[in-house]
Amino acid sequence: MYKYAPVSVYLGLDSSTQSLTASLIRAGDDGRETIGEHALPFDTTFPEFGTTNGVIRGDASGVVAAPPLLWVTALDRMMGDLVTKWPREMAELAAVSGSAQQHGSVYLNARGLARLSSLGAREPLAPQLAGSFSRPLSPVWMDSSTTTECREIERAVGGKDVLARRTGSRAFERFTGPQIRAFAKREADAYRDTARIHLVSSFMAALLAGADAPIDYGDGSGMNLMDVSTRTWWPEAVEATAAALAGKLPPIQASWLPAGTLAEYWQQRYELPAARVIPWSGDNPCSLIGSGLVREGRLAISLGTSDTVCGMMRDFRRHDGGIGYVSASPTGEFMGTTTFMNGSLARERVRDMYGLDWARFSAALASTPPGNQGALMLPWFDPEITPHVSAPGVRRAGLDASDVSANVRAIVEGQMMAMANHTRWMSPGTSVIHATGGASGNRAVLQVMANVFNAEVVRSRTGNSAALGAALRAFHADRLASGRPISWDDVIEGFADPQPDWHFRPDPAAVKIYVELREKYASAETDALASPSSTT
Ligand code: XUL
């Protein structure tokens, strides 16, 4: 029988490209507070996995992967750290959910699938799952090696428009369907040996529940396999992707219905209660909720490993040219997402190229005029998702590579102009943007964002809006499951207010400059896409 508690403790975990982060909150009718955040950066905390920025780049062009055992090890360490840091609060845990880097997939063999429900509390998690993966390295969203498979899938279902209408997007290299197809073709035996294919999100939820967990609507939309309107697997896409795939996919489930309770493993090993496990979702759907964007009309821009622009949509709306994609949102509506590969790693490349630290990077940005006197950089250090660039290389126009400050301004302006130009379809006339992610801590960057988008920019209060969004989803789903449903507006109340002293208004003079420069940037993109030569 459910015991009424006026406030309960909720945990949100964010398994991103480079780290695992926890956000622990207390929420209910009698109050709301953030208890704390805790992060485990992968490269430095778990050097034994040999990752750089959380990934391992393959020998073949465009191949980028990560070991799933790294995520298993991090989850185990995280729960241990959390009960040490907040023992009283963790003992009161009511529900846990999570957010994960999207599109990445985890391949379990029959032993691994069975193992999920027979984890013993005496031994750590990772050794128990060794030998459980038919694919020891999981492809992640940065992989761009599946162009052939994208075209094959599109052709098989009747064209890219048909695929986009049903699944929310044309085929993208990083999406799970094309990745599964490439695996089935390149490693047919290992594919045959695969009993279950999870997303990173559903795999992590399965570890917590000690059972085969479902894929939620939000993250399921990033696969080119789910019908975003009916929120079920779309048989044509499943068949077009790989043989016998239907039997290897977990069920799809509403993001707000529990996937079980914390497995005996967690209860016994860390003395945790039988808290509800709520399906995990993608980091972008979770971040939208953690930023407080539970209604249409505003955009969230996350400046992280990827830069992403997201917005809630009441109705299905997509870009005719195949930019970005439409997902079923964990609030039950739709959301648009446009992803840019060259986010924080590209900013870091420019910082390091000129021997700067972040303070000097910001000073360089602040010392240069809006519009950079017409100088432009197309920041394609890695293959780019938006627009589609498979042969990377930085392009400069009117920009001297030895001019440190101008190059710093050029990358930030280039990133912002690309985001503004390619996301008009998502929310025309947006007047407020919620910025989040690591680089949103840089005031000079946010002022450029305000000027380029001609919109007010506010910054989320939380360090990690995806982890907070996951915690808020746990709160929402727990209340629903307890027979006391709560609206999304009430869920975010008191958590998602922007930071009061981080408010950037567009400067009319700069806005005028960018109206022109954005056109020039768009033409430079078109020209560059037509000619393959580049410099770095
Ligand atoms: C979204 C995408 C990235 C990852 C990063 O489509 O590819 O934002 O989710 O974690």
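Here, residue 1 is the first one in the sequence, and each next residue gets the next number. Counting convention: from 1, in listed order, for ligands and their atoms alike.
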For atom 6 (O) of ligand 1, which of the options Q102, M142, H103 provides the nearest non-hydrogen atom?
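Looking at heavy atoms only, the winner is H103.
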
Check the side chains of N464 and E37 for a donor-acceptor pair under 3.5 angstrom, ignoring hydrogens and angles.
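On atom types as modelled, these side chains do not qualify, holding no pair under 3.5 Å.
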
Consider only side-chain N and O atoms of Q102 and D219, and report whether a donor and an acceptor are under 3.5 Å apart.
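Checked: Q102/D219 side chains pair up, N/O donor to acceptor below 3.5 Å.
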
Does NZ or CZ of R181 fall inside the cone over F175's six-membered ring, less than 6.0 Å from its centre and within 45° of the axis?
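The answer is no, since R181 fails at least one limit relative to F175.
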
CZ (R186) with more than 12 external heavy atoms under 6.0 Å
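Above 12, so yes.
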
Taking only heavy atoms of [X] into account, list the atoms of ligand 1 that are under 4.0 Å away from them.
{"X": "T339", "result": "1 (C), 2 (C), 3 (C), 6 (O), 7 (O), 8 (O)"}
{"X": "T308", "result": "8 (O)"}
{"X": "Y325", "result": "1 (C), 6 (O)"}

Can you report which non-hydrogen protein atom sits closest to atom 9 (O) of ligand 1, along with the distance?
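It is D283 OD1, 2.8 Å.
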
May I ask you to identify the nearest protein heavy atom to atom 8 (O) of ligand 1, giving residue, atom name and distance to one decimal place in Å?
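Nearest protein contact, heavy atoms only, for atom 8 (O) of ligand 1 is S306 OG, 2.8 Å.
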
F172: heavy atom below 4.0 Å from ligand 1, yes or no?
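Judged by the 4.0 Å heavy-atom criterion, F172 does not count as contacting ligand 1.
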
Heteroatom proximity flag, Q101 to ligand 1, N/O under 3.5 Å
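No, Q101 has no N/O under 3.5 Å of an N/O on ligand 1.
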
Below 3.5 Å, N or O to N or O, backbone or side chain included: is there any such pair between R174 and ligand 1?
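R174 vs ligand 1: N/O contact under 3.5 Å present.
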
Which bit of T305 is near ligand 1, meaning a heavy atom under 4.0 Å away: side chain, backbone, both or neither?
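It is neither part, as no heavy atom is under 4.0 Å.
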
If we only count heavy atoms from C-beta on, is the E348 to W358 side-chain gap below 4.5 Å?
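Yes, at least one pair of side-chain atoms sits under 4.5 Å.
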
What's the spacing between D161 CG and R318 CZ if we round to 0.5 Å?
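Here the rounded value is 5.0 Å.
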
Anything under 30° is parallel, anything over 60° is perpendicular, the rest tilted; go ahead and classify F316 against F334.
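Geometry flag for F334 against F316: perpendicular rings.
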
